[in-house]
Asker: 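Structure below; questions to follow.
Residue numbering restarts at 1 for every chain, and letters A, B, ... go by the order of the sequence lines.
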Amino acid sequence: EGEQFVWISHGPDSDSWFNVIKNAIKITSEQMGVTTEYRNPPTGDLADMARLVQQASAAGVDGIIVTIADYNVLEGPIKDAIAKGIPVITVNSGTIEESQKLGAMMHVGQPEYEAGLGAGKRAKEAGVTSFVCVNHYITNPQSVERCRGYADGIGVELGNQMIDSGMDPSEVQNKVKAYLTANPETNGILTLGPNSAEPSIRAVKDMGLDGQIYFGTFDLSAEISAAIKDGTINFAIDQQPFLQGSIPVQVLTNFVRYGVAPTNSILTGPGFVTKDNIELVEKLAGEYR
Amino acid sequence: MSAAILEMKNITKHFGPVIALNGVSFDVRAGECHCLLGDNGAGKSTFIKTMSGVYRPTEGQMLVDGQTVAFASPRDAMAAGIATVYQDLAMIPLMSVSRNFWMGREPEKGIWPFRTMNSKFADDITVAEMRKMGINLRGPDQAVGTLSGGERQTVAIARAVYFGAKVLILDEPTSALGVRQTANVLSTVDRVRKQGIGVVFITHNVRHALAVGDRFTVLNRGQTLGTAERGAVDASALQDLMAGGQELATLESSLGGTV
Amino acid sequence: MSAAILEMKNITKHFGPVIALNGVSFDVRAGECHCLLGDNGAGKSTFIKTMSGVYRPTEGQMLVDGQTVAFASPRDAMAAGIATVYQDLAMIPLMSVSRNFWMGREPEKGIWPFRTMNSKFADDITVAEMRKMGINLRGPDQAVGTLSGGERQTVAIARAVYFGAKVLILDEPTSALGVRQTANVLSTVDRVRKQGIGVVFITHNVRHALAVGDRFTVLNRGQTLGTAERGAVDASALQDLMAGGQELATLESSLGGTV
Amino acid sequence: MSETTTAPRPDERMKQVAPWRRALIRPELGGICGTILVFLLFGAIAGDSGMFAAEGVLNWTVVSAQFMVIAVGACLLMIAGEFDLSVGSMIGFAGVMMAILSVQMGWPMWAAITATFAFCILLGAINGWLVIRTGLPSFIVTLAFLYILRGLTIWGSVYFTRQTIIGGVAERAQGDWLAALFGGKILGGLFTWMGDAGWIATFTKGNRAGQPVIDGVPMLVVWAIGLAIFGHWLLTRTKFGNWVFAAGGDAQAARYVGVPVNRVKILMFMFSAFCACVFASCQVMEFGSAAADRGLLKEFEAIICVVIGGALLTGGYGSVIGAALGAIIFGVVQQGLFFANAESSLFRVFLGMILLIAVIMNTYIRRIITGER
Amino acid sequence: MSETTTAPRPDERMKQVAPWRRALIRPELGGICGTILVFLLFGAIAGDSGMFAAEGVLNWTVVSAQFMVIAVGACLLMIAGEFDLSVGSMIGFAGVMMAILSVQMGWPMWAAITATFAFCILLGAINGWLVIRTGLPSFIVTLAFLYILRGLTIWGSVYFTRQTIIGGVAERAQGDWLAALFGGKILGGLFTWMGDAGWIATFTKGNRAGQPVIDGVPMLVVWAIGLAIFGHWLLTRTKFGNWVFAAGGDAQAARYVGVPVNRVKILMFMFSAFCACVFASCQVMEFGSAAADRGLLKEFEAIICVVIGGALLTGGYGSVIGAALGAIIFGVVQQGLFFANAESSLFRVFLGMILLIAVIMNTYIRRIITGER
Ligand SMILES: Nc1ncnc2c1ncn2[C@@H]1O[C@H](COP(=O)(O)OP(=O)(O)OP(=O)(O)O)[C@@H](O)[C@H]1O
Ligand SMILES: Nc1ncnc2c1ncn2[C@@H]1O[C@H](COP(=O)(O)OP(=O)(O)OP(=O)(O)O)[C@@H](O)[C@H]1O
Ligand SMILES: [Mg+2]
Ligand SMILES: [Mg+2]
C-alpha cells in the first residue's frame, strides 16, 4: 500500500495532450491506492528529462514509467534505474525493441513513425497525392517522425510539405490557409494534435474545403470529434492515452505487491477514430480520450 | 526690503549614513539675488533640491509667503512658484526644444477627452522666448541634443523665467560657460531680479556672485557660516570664508592671488 | 625655451556636416603651461581629443619630438607620452579608486599565462599618490562613485602625473571645483610644469589661465585667433579675444566689470 | 548663443544638408522603407500565389493585426523607457482566466471579460509598481512575471478543468454583447455585395461555392487599427504623450520639471497589459477556446515589431506608426514565405535577418537626426 | 579634499557603520545567503527523500553544473556590459553541427568537435563585432541570432537527416580522446572504493548489484568548476579582468584611458559562445544524440543565474562566484521541488519568485556599497 511511482513524460508544461494521461494517472492511482507523480521537463528539453529519470531513481521510488522520447538520451539513466532494481515501464513514443533493449518490463504505447506510416497508407488509399503536414512543435523530434511516417506511407519524400506553424492559433490558421492558397493541388492534411488541428479545421472550413480535402489528425479533443462528426476530419489517430496512463500504474502496482506482470508489450495505438466510431469517444474527448 | 517669499529654517538632510545638511537657515526676498556659495560637497545642491521639492528635509521647516509648506514633488514646488535650473540641466536630448521648454506644463486645447497639446502656440512662445534671451533657433523642433551647453543652459533659464516663478533657483549656471555666455546669464539674472522675482544663485565663483548678488550666504560642510549684505563684504573675504580661510594664503603667494 | 614636444599643424576635424576645427596649429614645449582658451563650442575639447588619439584629424599633421605620428587610439597617444584628463572624467563609479587609477596599465606579476595584477603594489602606490595630492582615502578599495567631484578630479590628475607623461592635457579641470580645490589643482599644474612636463591647460576662466599659463592660445569657432606670451597680454585683452570683443562692453558697464 | 542679431544666418560651420533629406528624417522612415521593400519583394516572388487577392490580403492582415495589437502597447511602454517580457504569459493567463470564469464558474461572458481585463491591468500595474519601487530594470521584473504568470496559467487551468485547453467558450459567448466586440466580424454585407458585383472573388468549388471569399473584417483588425490610431494620437498630440517621451528620454530630468514619471510608467505598463488582454480576448472569442500555451514568445515578437519600426530600445524615441508598420512587415514576411512556398524552417532565419537589417537602417537614420556619430 | 593633514580622521559628517556590516558587503553576498537558505529549506522539506544521499547529490550537482557552465560565460559578458540571448540557440546549433559532421559526414569525433568550437566561437565574434560596429544594444543583435541560429539548426538537421534528432553520436565518440574530455567520468576508482567501504550506497539488486550507485563524476561537473575558477581568477586577479569591469562600467571612460574595450567585449562574446559549446558537447557526448530543440530558453536561465548571483544587468558589477552560486540555487530549487514532490507546474511560479526576491535583496546590498539611495 502507498507505493510511490513516477510517470515521466517529454511534454513541455504547456502541452495539452498529456492531460488525459494525468487524469488517467490520478484515477488509477486512487483505485490502486498508490501515489504516482507526473513529471515533465518544463520546456520539453529531453536532456532535462534524463535528469528527471536520474532524480526519480535517486529518490528511490518503487517504479518508473517513462516515455522513450529519445532512446540515446534516456538509455543511460533508465539502465541505471533498472540496475538499481527499480522496475521500469516505457510508454507512449518509442518502439518495443527499444524498450526491450533498455531492459524495461514492457512498453505501453504507440510508435510514432509507424503511426504516421499507418495514417499515410490510409491517406494513399483515399487518393492523397499531395499533402501538408502542420507541425506545431517542430523543435520536438517526435513530431517530425510522424510527418516522416506519413510521407513514407503516401510514398513521397518529406520536403517543405511539413510547415513550421508555431503554436499561436491565428498564425496556424493563416499559415495553413496561405499554404493551401499557394498550393491548390493539395488534397491531404495531417495535423499533429489539437494545437494544430483546431485552427486547421477553421482554415479548411473558411476556404470551403471541408470534406473536399482528406484530413487526418493525431489525438482527440472536443473540437476534433465535432469535426469528425461533421465530416471535416476523416480520421483521428487515437493512441488511447488513458491506457498509457493507466496500464503501467496497474501493472507496476501488481508487480510490486504480488510479483505478477504481463509478459508482452501493449500497443495502445494507432487506433483510427472515424465517423463510424466517433459516438463512443465524443463525450470524453480531451479529458479521458 | 520686503518680507521673505521663501524661508528655510534649520534644514537637516541625511542620506543614510551621510549627513549632507546640518541645520541650514536661509531666506529669499522678492527682487533680490541671494547668492549661495560654498566649496565642493558643501551641500549647496542638496539644499536647493530640498527647496525645490526633489528631496524632503529630514528635519526643519519651509515657509512660502509665511505659510508652512511641505513639497511632495517638484510639481508641488513649481505650483508654489519655485522654479529651478538644475546643475544637471533636466533636458531631454532626443526631444525638441519646444517640447523640452514646455515639459511638465504643456499648453492644451480642445475639450476632454480630446484635449491635445497646442503645438503651434508652444512653438511660437518658445521661439519668441529664446530670441529674447539672444538665441535664434533653427526651428522649435530642433533636438536639444544638437544645442551647445550654453544654449541648453539658456533654454532652462528661459523656461523658468517664462513660467513666472516667484523664486528662481540657479544651480551653478555659469560653471561650464564661456565668457560671453556667462555675461549673458548674469545679465539675465539682473533682468529677472528687476521684475521682482527672488533669485537664488549658486556658484563657486566669487566674482560672479559679487557681480549680481544682494546677499551672500556661505555653506561649509553642511552648515551656514552666516549671511552678508552686499557692500559689507569683498571678494577676498568671501573667498576666505568659502575655503575655511586656511592654507589658501600660501597658494596665493605662489600663484599671484589670481584664483 | 626648448623645442616643442608636441606640435599640431593645421588640424581640421569634421563631424558629418559639422566643421568643428578648421585649421588649428598649436605646440607645447617641455616645462611650459600652454593655455587653450575659448568660448563654448569653440572646439577646445575636440582639439585635445585629437591630440590624445580619441579622434583622428580629418586633415593636418601631428608631430611628437619632431616625428610625424598618427594615433589610432588613446593607447597610442599614451604610449607616446601624452596623458589626458578629460572634461568628462573617464572614471568608473562602481570600481575602486585603485582599479580606476591603474585602469589600462595595470601592474602585473608572475609569468604568462599566470600573470596576475599586482594589487598590493597598485594599492600602495595609489594611496601614496593620492596623499601627495592631499587626499586621504578611506582605503584604496573605496568606490570612486563615493568620492566628491573634486576628489575624482584629483584621482584623474594624479593618475596622469604618475604615469610620467611628457605632455599633460587638462580639459577644464577647474570648472566644477570650489576655491580650495581650484587652488590645489593650479598648484599641481605648477608643480608638474616644474618637473619639465609640458602642460596643456584648457579653461574658460581667464584668471585661472593667467595664474599658471606661460603662453595663451585662443580658439574661436574652430580657428585660432593667435598665441600670446605671458606678460604680453592682460586679463581684459584675453577676455575680449575670447568673446570676439563685441557686446561685452555693454554688459560690463551694467555689472561692474567683474565677470 | 552664437548670434544676437534677430535674423537667422546660416552657420558657416555647418555643411549644407539637402532639405528633402531633412524632411525624410523621422523615426518611422525605416518602417516605411521596410514596408515598401517587403511588398515589392513578395509582389515579385509570390505575386501569382493569391497573396494579393482579397483572401490573401485578409490572411496577412489578420496576422499583422495580431502583432499590431501587442506592438502598440509595447511601443508606448518602450518609449516610456521600459519593456515588458510578460506580455506573452499575460496573453495565456488572460485567455485561461476568461475561460475558467465563464465556462467553469458559469459567469456571463461580459462579466468574465470585464473581470479579466480588470485583473490583468492590475497585474500590469503591479509590474510597473515593482519596477518603480525597487528601481530594478524592467527586464528582470517582467522576466519574473513571465515565469510566474505562465506557471499560474498552467496550474490554474489544470486545477480547475484538468485540461490545458479549455473549450466551450464559443457557446457561452453566443449573443453576448461584449464578446461580439472581440470575436465578431463587421462589414459582412459589404463583402457579400462586392462578391455579387464581382469585385472580389467568390468560392468556385467546395461547399461554399458562390459566397464571397471574405465574409467580413474580424474585430481584431478593427482593434489593431483603433489602437494604433489612439496610440499615435496619444503620443504625438497630447500632453501625456510628451510625458511618455520625457519619462523614457531621461526620467530624472523629467521628474525635476514636474512630470509625474512614475504615474506615466505605471500607466504604460497597464496599457501594455490591456493590449495583451485585447489580444487574448480576440483570440479566445474567435477560436472559442483558451489554452495555457497561448502567447509563447509573443513578447519578443512585440519588441521586434517595435524595434523594426524605429523605436529605441533604451526609450525616449520611437513612433506608434512605426511599430504598426513593423507589425505589418512581420506579418507579411511570415505569411509571404508560406505563399512563396519557401522552406518554412527557414522562417526564423529570415526573421532574424530582417530584424538586423531593419535596426541597422534605423540606427543610421537616427544618427542623421541627432547628429551623433 | 577635506583634509590635508596626513593622519586620516573620521569624517564628522559620516554616521558610524558597523565593521561587520561593511565586511559583508560584496556582490556575491546575496548568492551566499540564497544558497544557505535554499539548502536549509530543502533540507527541511525533502531531507528524507534521498536528495542528500550520494545519488541525489549527484543529480542536482549535474543540473547545477549545467547551469553553471553557461552562467559563467553569461556573467563575464554581463559584467562587460553586454548580454547574449543567443546562448540557447547556440547550444542547439553546436550539438546538431557536431552530430551532422561526425555521424552524417563521417568526420572523426575530435575533428567534428574542434570544427564546431571554432565555428561557434566565430559566431560569437560576429555577434560581438556587430554589437560594437553598429552600436546597437546587444539585446537586439543577439535576439536576431536567437532566431537565425535556431532556424538554421532546424533546417540543417531536417535537410541532412530528415529528422530533428540525430542519434548515433555515442558510437562515433567511442574511444575518441576529445569526446572523453566532455562525456567521460572521473574518479570512478574513488567511488568504487567508497562503495566498498560502505560510505556511499551500492546497488542492492539488479545486474549491477554491489557496484556503487555513483560510478564517477561527469566531466560536465569538472568543466563547470574549472570554468568558474578560471572566470573568478580572470575577473578578480588579472589585468584583463579589470578591463572587463571597466568596459562594462563605462565603455567611453575605459576607451579614453586606453582600455581596448572593443577587443574585451568581442572576446567576452566569444567566451560566452565557448561556454555554450562546452554545454552542448557535454550534453551530446553524455547522451549520444543531438536535437534541434536543445537549449530552449537557456539564455534566460543563464541570465537569471547571473542576476541572482548579484551581477548588475547594466554591466560593470558582479562576480563569477555569485553566478556559480546562482546556478547552484537554480539547480537545487529545480530538482528539489521534484524531490519534495511539489506540483511541477508551480515550478515556474517559484522560479519567478526567487528571481524577484534575489534581485531585490541584491539591490539593497549594492546600494549599501555605493552609498546611492
Ligand atoms: N543622493 C545622495 N546620497 C548620498 N550622499 C549624497 C547624495 N547627494 C549628495 N550627497 C552627499 O552630500 C554632500 C553634499 O553634496 P552636494 O551635491 O549638495 O554638494 P554641492 O555643494 O552641490 O557640491 P558641488 O559644488 O560639487 O556641486 C556630499 O558629501 C555628497 O557626497
Ligand atoms: N561627436 C560630435 N559630433 C558632432 N558634432 C560635435 C561632436 N563633438 C563636438 N561637436 C561639435 O563641435 C563643436 C566644438 O565642440 P567642443 O566640445 O570641442 O567645444 P568646446 O570648446 O570644448 O566647448 P565647451 O567649452 O563647451 O566644452 C561644437 O559645435 C559641437 O557641437
Ligand atoms: Mg552641486
Ligand atoms: Mg569642452
Asker: Which of parallel (below 30°), tilted (30 to 60°) and perpendicular (above 60°) describes D:Phe300 and E:Phe139?
Answerer: perpendicular

Asker: How about residues 127-135 of chain D versus chain E: which residues have heavy atoms under 4.5 Å apart?
Answerer: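 D:Leu130, D:Thr134, D:Gly135 fall under the 4.5 Å cut-off.
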
Asker: Can you tell me how far CG of E:Leu351 sits from CZ of D:Arg150, rounded to the nearest 0.5 angstrom?
Answerer: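 The distance works out to 14.0 Å.
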
Asker: Can you measure from CG (E:Leu312) to CD1 (D:Ile140) and round to the nearest 0.5 angstrom?
Answerer: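 Reported value, rounded in 0.5 Å steps: 9.5 Å.
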
Asker: Against chain D, label E:Val359 side chain, backbone, both or neither, depending on which of its atoms sit under 4.5 Å from a heavy atom there.
Answerer: both

Asker: Under a 4.5 Å heavy-atom cutoff, which of E:Ile360, E:Val349, E:Leu85 has the most pairs with chain D?
Answerer: E:Val349

Asker: Answer with side chain, backbone, both or neither: which region of E:Ile303 has an atom nearer than 4.5 Å to a non-hydrogen atom of chain D?
Answerer: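 Looking at E:Ile303, just its side chain touches chain D.
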
Asker: Once you round to the nearest 0.5 Å, how far does CG of E:Leu146 lie from CG of D:Leu297?
Answerer: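 E:Leu146 atom CG to D:Leu297 atom CG measures 8.0 Å (nearest 0.5 Å).
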
Asker: Among all residues two or more places apart in sequence or in another chain, which pass the salt bridge (charged side-chain N to carboxylate O under 4.0 Å, His left out) test with E:Glu299?
Answerer: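 So E:Glu299 forms no salt bridge (charged side-chain N to carboxylate O under 4.0 Å, His left out) with any residue.
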
Asker: Looking at every non-hydrogen atom in both residues, tell me the closest pair between E:Ala144 and D:Gly352 and how far apart they are.
Answerer: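 In terms of heavy atoms, the two residues are closest at CB-O, 3.5 Å.
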
Asker: What part of E:Leu313 gets within 4.5 angstrom of chain D, counting heavy atoms only: side chain, backbone, both, or neither?
Answerer: side chain

Asker: For E:Ile304, is it the side chain, the backbone, both, or neither that has a heavy atom closer than 4.5 Å to a heavy atom of chain D?
Answerer: side chain

Asker: For E:Lys298, enumerate each residue passing the salt bridge (charged side-chain N to carboxylate O under 4.0 Å, His left out) test, keeping only those at least two apart in sequence or located in another chain.
Answerer: A:Asp48, E:Glu301

Asker: To the nearest 0.5 Å, what is the distance between CG (E:Leu346) and CD1 (D:Ile148)?
Answerer: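 The CD1 atom of D:Ile148 is 11.5 Å from CG of E:Leu346, to the nearest 0.5 Å.
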
Asker: Chain D: which of E:Val307, E:Leu143, E:Val141 shares the most heavy-atom pairs with it under 4.5 Å?
Answerer: E:Leu143

Asker: Would you mind listing every ring pair (Phe, Tyr, Trp, His ring centres under 6.0 Å) that reaches into residues 143-164 of chain D, with sequence neighbours excluded?
Answerer: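 Matches after skipping sequence neighbours: D:Trp155-D:Tyr159.
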
